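Just so you know, ligand 1 is whichever comes first in the structure, and atom 1 is the first atom listed for that ligand. Note that the structure is a prediction, hence the values are computed from the model and not measured.
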Amino acid sequence: MDKLKITGGQPLSGTIPISGAKNSALKLMAAALLTPEPVTLKNTPNLADTRFLSQLLDTLGVEVYWPKGESTCHLNAAELKSTIAPYEQVRKMRASFNVLGPLLARYGHATVSLPGGCAIGARPVDLHLKAFEAMGADLLVEEGYVKAAAIHGLKGAQIVFPMVSVGATEHAMLAATLADGETVLENAAREPEIADLADCLNAMGAKVSGAGTSTITIQGVKQLHGTTHDVMADRIEAGTYAMAVAAAGGDVTLTNAPVAAMSSINHALRNAGVQVDADVEKGTIRIQRNGGKLNPVNIDTAPHPGFPTDLQAQFMALMSLANGTSVIRENIFENRFMHAPELSRLGANITVRAHEAIVTGVDALRGAPVMATDLRASVSLVIAALAAQGETDVSRIYHLDRGFERLEEKLTNVGANVRRVSEEEE
Ligand code: EPZ
């Protein structure tokens, strides 16, 4: 198993290009199932998760042409050989569950394994299933699988989500594109990735309006056609590097950044005393912090446009160096503080009480061996290690490979001392 060896304490300087958004790419790839024509996705991030979904699509019979290391992914679902997504492939990555809606919409039936819980929480899919039922699907949950059928096709429906869910909004939107009639999604999630998905679906001939607001209307069409779409840039990756620079100090410009989608993130950084110069037109964000203490900032994670849960761990790493105490409240997932004890191993002073972490800033962090537990938790340890004095070993970094493209290369290019080593090299 690989680990990262990070020697901290160096300020970072230079440029970091931001990759395509994992959480957009995964839904866009599933959208390719809706049409028999080719869908080409540019700016697709090369990640364990996106590669993994491409394998599932291949299992279903989608022709996937995506040479290693390239960012253009060609998908052609002209003829599928199966509408069954097996446990082995859904268990490893929850987003695989997103193939259910498109398969059901285009073929009238699908059998997809339930994804199960994960390290950050139970993460049920009841809202997804209720949406399909509202659209007239018959669902049977049996032996860990959802068996779905809509023999006469899905019907448009009025769906009011009882809570905001990114996944359920996207999944219902995908399925509704081919339903008979109008579907209205109320209390829909407003994440920028949802607007990106709607843009791609509309380019395929769908009629989706209101994406990015809490009411999305979809007029079903008979069929969709192929398209070429640019995956939006990753706001979580951009926010992560911004926090790394804020923690380690330095002057770094993020390029190809989704500036308009990052208001709450930039706001929190500015409150912490970090200089953030964002240029929407150019898609750049310059982050500067040269010495000077960080201010403590309280945050509450919330659906977009609130502060994203996917940056909570990274912000906690930053706040562990602030001049005072901050309160970080996690409102989306019930078990998303696993990084707290690991950050404490580096000298952070964090007390977790139910959904709150109380972080009292320390003057300096010190390198230590730590263990990654999930994707965003892992990268928070990388941020802390970059700011810490001495050497930190981060083990179990396969979590990082799920969501950060060329992480060591990007960090090394701005002067960080980060090396990937295998246990055997030790
Ligand atoms: C997406 O997960 C992202 N994943 C997550 O990113 C992100 O943290 C999350 O949205 C919130 O922004 C992908 O896009 C692949 P939700 P999703 O449905 O769609 C509950 C990362 O690190 N809920 O908005 O699964 C759920 O348990 C990942 O990249 C139900 O109760 O999130 C949670 O508490 C982690 N029933 C809340 O809603 C349902 O049917 C919000 O979850 C669905 C969700």
N/O donor-acceptor pair under 3.5 Å between Arg329 side chain and Asp300 backbone: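 Checking the backbone N and O of Asp300 against the side chain of Arg329, no donor-acceptor pair under 3.5 Å is found.
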
Out of [options], indicate the one that has the non-hydrogen atom closest to [atom].
atom	options	result
atom 25 (O) of ligand 1	Lys22, Arg123, Glu193, Glu330	Arg123
atom 35 (C) of ligand 1	Glu170, Lys27, Arg336, Arg376	Arg336
atom 12 (O) of ligand 1	Val166, Val379, Ile332	Val166

Looking only at protein heavy atoms, which one is nearest to [atom], and how far off is it?
atom	result
atom 18 (O) of ligand 1	Ser165 OG, 2.6 Å
atom 40 (O) of ligand 1	Leu127 N, 2.8 Å
atom 32 (O) of ligand 1	Phe333 CZ, 4.0 Å
atom 6 (O) of ligand 1	Asp310 OD2, 3.0 Å
atom 11 (C) of ligand 1	Thr309 CG2, 3.8 Å
atom 15 (C) of ligand 1	Asn23 OD1, 3.3 Å
atom 37 (C) of ligand 1	Met163 CE, 3.8 Å
atom 36 (N) of ligand 1	Asp126 OD1, 2.7 Å

Plane angle bin for Phe97 and His171 - parallel if under 30°, tilted between 30 and 60°, otherwise perpendicular: perpendicular

For Gly167, the ligand 1 atoms whose distance to one of its heavy atoms is below 4.0 Å: 18 (O), 19 (O)

Atoms in ligand 1 with a heavy atom of His128 nearer than 4.0 Å: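 Contacts of ligand 1 toward His128, numbered from 1: 40 (O).
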
Partners passing salt bridge (Lys or Arg N to Asp or Glu O under 4.0 Å) against Asp279 (at least two apart in sequence or in another chain): Lys282

In terms of side-chain geometry, is the basic nitrogen of [X] or [Y] positioned less than 4.0 Å from the acidic oxygen of its partner?
X	Y	answer
Arg336	Glu330	no
Glu193	Arg235	yes
Asp310	Lys22	no

State, to 0.1 Å, how close [X] and [Y] come at their nearest heavy-atom pair, and which atoms those are.
X	Y	value
Arg106	Thr35	NH1-O, 3.2 Å
Glu37	Asn76	C-OD1, 4.2 Å
Val231	Ser24	CG1-CB, 4.1 Å

Any Pro124 heavy atom less than 4.0 Å from ligand 1: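 Checking ligand 1 against Pro124, which is what was asked, there is a heavy-atom contact under 4.0 Å.
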
Backbone or side-chain N or O of Arg94 under 3.5 Å from ligand 1 N or O: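 It does not: no N or O of Arg94 is found under 3.5 Å from an N or O of ligand 1.
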
Face-on cation placement of Arg91 at Tyr87 ring, 6.0 Å and 45° thresholds: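 Yes - Arg91 lies over the ring of Tyr87, closer than 6.0 Å to its centre and within 45° of its axis.
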
